[in-house]
Amino acid sequence: MDLASLNDPQRHAVTHRSGPLLILAGAGSGKTRVLTMRIANLIHHGVEAERILALTFTNKAAREMRTRLKALLGRAPDGLWVGTFHAIATRMLRPHADRLGYRAGFTIFDEDDSRSIMKRALADLDLDPKKHQVAGLLAAISRAKAESRSPEDITGKKASDRALRMIYERYQALSRESNGMDFDDLLLNLVQLLKNDAEVLAEWRGRFDHVLVDEYQDTNRVQYELLRLLCDGHRNLAVVGDDDQSIYAFRGADVRNILDFGRDYTDATVVKLEQNYRSTQAILDVAHHVISRNQERTDKRLWTARGEGRRPVLLLSPDDEAEAAFVGDEILALEQSEGWIHSDFAILYRTNAQSRAFEKALMARRISYNLVGGLRFWDRREIKDVVAYLRFLANPSDAVSFDRIANVPKRRISERTAQAAIAAAADGGVSILEACAAPAQVQVRADAQEALASFAAQVGSLVADVGKRRPHELIQLVLRRCNLSEHYDDGSPAGRNRLDNLVELRELAQSYERYSPAQGLERFLTDIALTAGADDVDGKREQVTLITLHMAKGLEYPVVFLTGLEDKMLPHERAFEEAGGLDEERRLCYVGITRAQRRLYLTSASVRTIFAKTVALASSQFLHDIPPALLDMVELEGHRSHGIASRLRRGSVEATA
DNA sequence: TTTCTGGGCCTACAT
DNA sequence: GGCCCAGAAA
């Protein structure tokens, strides 16, 4: 291993032997390299691979770590535990599901599933399921779980707190009844198991000698507790992160975890990685002026040996359409004059809705693009249907999946009948499949009972195949037995497309089996459930990337357009209401800027179409923090200055009234 | 039971 | 500007 290729702080982080270690890794400072070399170094010094645990937030990061380790070690790092928090937690939980009141083969619910459970919980409690309520309640429960709080920990006396507690309880009861856990449950249940079960705690605490965590600034309370539970024996915890890139507070991430690491572990070694290997100095200077306005941050400043580079461009345009047109034209111009290609460019924005204008502009110019984070493959209706079949086969108590497939294809099973079957199963203490097979107990008309029985006959016959067949064969069986191909193919191009997707699903299962041959249906379903949108972002050939700021974290592009720099867009309107909201938006802006390698464009519009209505916007307050001398300004005709342009022309950044 | 349509309402970011 | 839902119609 080539330790000489590292700079001093990097080498320090890699060779640190034992005890708590905090690596403050600025954007583009080579943290993945440090992390993987650190693991390789441990192995070199005799630590067994299977006694090392590395935790990430995305499968992509885990995969990359594995690949790089393989290159470093000259062989696959067999036995090493690398994975996302959720995947590792699932792996630790599965063998002990019974101790938590779940059965092996429990389903992992996605957000859609959670919504449908919430609706059922509200119906049970005779509450009005107004849509915003559902989303709000789910967010509140998710937040509670991220903070490691059970229903009984919601102790507020306000009516809203009492309601939340009741709904949270009901939601959990229904999930358990379906033998399923949502994303938050995976972590919370594991932590509670470790806290309450000395035997299991001893098992896992003795399992690893070294634990490493990537993106530590994104950890929440439960993840923090999990790390303490696992590491309090040996204290060999190495975390890598950047407080300046903490942008997931909305899902419970707590920057305090990284800011207070030194307080939690008073003997911690702290290493700062400040040399940047990605961007030009001109870009880093802009980034610095934006982020340094935040009060609560560790003190660091990125520098590069790459040279000054071109001054970033600030575009002031009249509206979102002109903004997008400028970006499209600029891409063509740069390709023409400087030889860049499509895949060198990324267009970054705060909200997914902003992608539309860019899609139009790029399409008009025949520039092909890759829209990241649109409708995922796994979110397509036909895919979710077939996956629901598989889930129901693996877990015939799964009410969410049953509800989804009961009448797909049409079996004359109404929503009311389906709910009655679910209720009968719960009352009788049997699985839903069993309830359908013996429908006399289900409180519906005779013809509906018959429909349930024939559903049970059709689906039940497949259950026997679960242990014997591989996932792709099961998919094929489901498609054939239930005539799903006919059901989806209505002769339209859209129908054709759905069939293609189903074929793709089967092929995907096949290649999965080739990749991990020993794994059965259960593991296949787990991996599907824990696959995130960010996992399949890759530089698609010859396409411009359209991506949100959140999804762009960790990525880099030669030319970056950071768009929608207006107050209420970035920073987002909602951020003004929450404590710390503006700091978080500023970090988001910082993340965007630091994605750029060679060229950076900051763009804003004075008028934007939101919800089909035209709204006037002031330029982003973040722009006011950048000294004008650092930027080249382009002001399009029709731009109505709300302050920034004239200030820039005067060369003053003081006035922010 | 299934399909169609109009109106309400939102939408931040996402493992 | 699109999604979801309620209510009507077949």
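Below, chains carry the letters A, B, ... as their sequence lines are ordered, and counting in each starts from 1. Side chains included, hydrogens not; waters and symmetry mates left out as well; all remaining heavy atoms used.
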Under 4.0 Å, heavy atoms only, any strand: does [X] hit a base, just the sugar-phosphate, or nothing?
| X | answer |
| --- | --- |
| A/Glu585 | base |
| A/Glu111 | base |
| A/Asn352 | sugar-phosphate |
| A/Thr84 | nothing |
| A/Phe250 | base |

Distance, rounded to the nearest Å, where [X] contributes [atom1] and [N] contributes [atom2]:
| X | N | atom1 | atom2 | value |
| --- | --- | --- | --- | --- |
| A/Leu186 | B/dT15 | CG | P | 14 Å |
| A/Ile528 | B/dT15 | CD1 | C1' | 16 Å |
| A/Trp378 | B/dT15 | CH2 | P | 15 Å |
| A/Lys60 | B/dT15 | NZ | P | 12 Å |
| A/Asp527 | B/dT15 | CG | C1' | 14 Å |
| A/Leu55 | B/dT15 | CG | C1' | 13 Å |
| A/Arg356 | C/dG1 | CZ | C1' | 7 Å |
| A/Arg115 | C/dC3 | CZ | P | 12 Å |

Stacking between A/Phe611 and the base of B/dC10 (centre distance under 5.5 Å, interplanar angle under 30°)?
yes
Under the criteria of a ring-centre distance below 5.5 Å and an interplanar angle below 30°, is A/Phe85 stacked with the base of B/dT15?
no
Quick one: do the [X] and [Y] side chains pair a donor with an acceptor below 3.5 Å?
| X | Y | result |
| --- | --- | --- |
| A/Glu215 | A/Gln217 | yes |
| A/Ser114 | A/Glu111 | no |
| A/Asn257 | A/Thr219 | yes |
| A/Thr417 | A/Ser414 | yes |

Taking only residues two or more places apart in sequence or in another chain, which ones pass salt bridge (charged side-chain N to carboxylate O under 4.0 Å, His left out) with A/Glu415?
none
Identify each atom pair where a protein N or O and an N or O of nucleotides 2-7 of chain B are less than 3.5 Å apart, giving names and distance.
{"unit_1": "B/dT2", "atom_1": "OP2", "unit_2": "A/Asn407", "atom_2": "ND2", "d": "3.0"}

Given side chains that start at C-beta, do those of A/Tyr248 and A/His550 come closer than 4.5 Å, heavy atoms only?
yes
Residues at least two apart in sequence or cross-chain that pass ring-ring contact (aromatic ring centres under 6.0 Å, His included) with A/Phe85, listed by chain then number, are A/Phe57
Kindly write out the residues that satisfy ring-ring contact (aromatic ring centres under 6.0 Å, His included) with A/Phe208, not counting sequence neighbours, or none if the list is empty.
A/Trp81
Give me each pair satisfying side-chain hydrogen bond (donor to acceptor under 3.5 Å, both in side chains) with a member in residues 560-574 of chain A, each pair once, sequence neighbours excluded.
A/Glu566-A/Arg608
Atom C1', compared across C/dC5 and B/dA12: separation rounded to whole Å
23 Å
Which listed nucleotide (B/dA14, C/dC5, C/dG1) is nearest to the side chain of A/Lys119?
C/dC5
Could you check A/Thr548 against A/Thr417 and say which one's nearest nucleotide on DNA chain B is further toward the 5' end?
A/Thr417
Closest-nucleotide mapping onto DNA chain B: is A/Arg574 or A/Leu530 further toward the 5' terminus? I mean the 5' end.
A/Arg574
Using a cut-off of less than 4.0 Å, is there contact between a side-chain N or O of A/Lys613 and OP1 or OP2 of C/dG1?
no
Report yes if at least one side-chain N or O of A/Arg350 is closer than 4.0 Å to OP1 or OP2 of B/dT11; otherwise report no.
no
For the residue pair A/Tyr216 and A/Phe261, categorise the inter-ring angle as parallel (less than 30°), tilted (30 to 60°) or perpendicular (more than 60°).
perpendicular
Carefully, step by step, assess A/Leu187 and A/Glu225 under the rule side-chain contact (heavy atoms from CB on, under 4.5 Å).
CA-CA 10 Å; A/Leu187 299 172; A/Glu225 288 182 2; over 6 Å; no
Where along residues 214-225 of chain A does a heavy atom fall under 4.0 Å from DNA chain B?
none
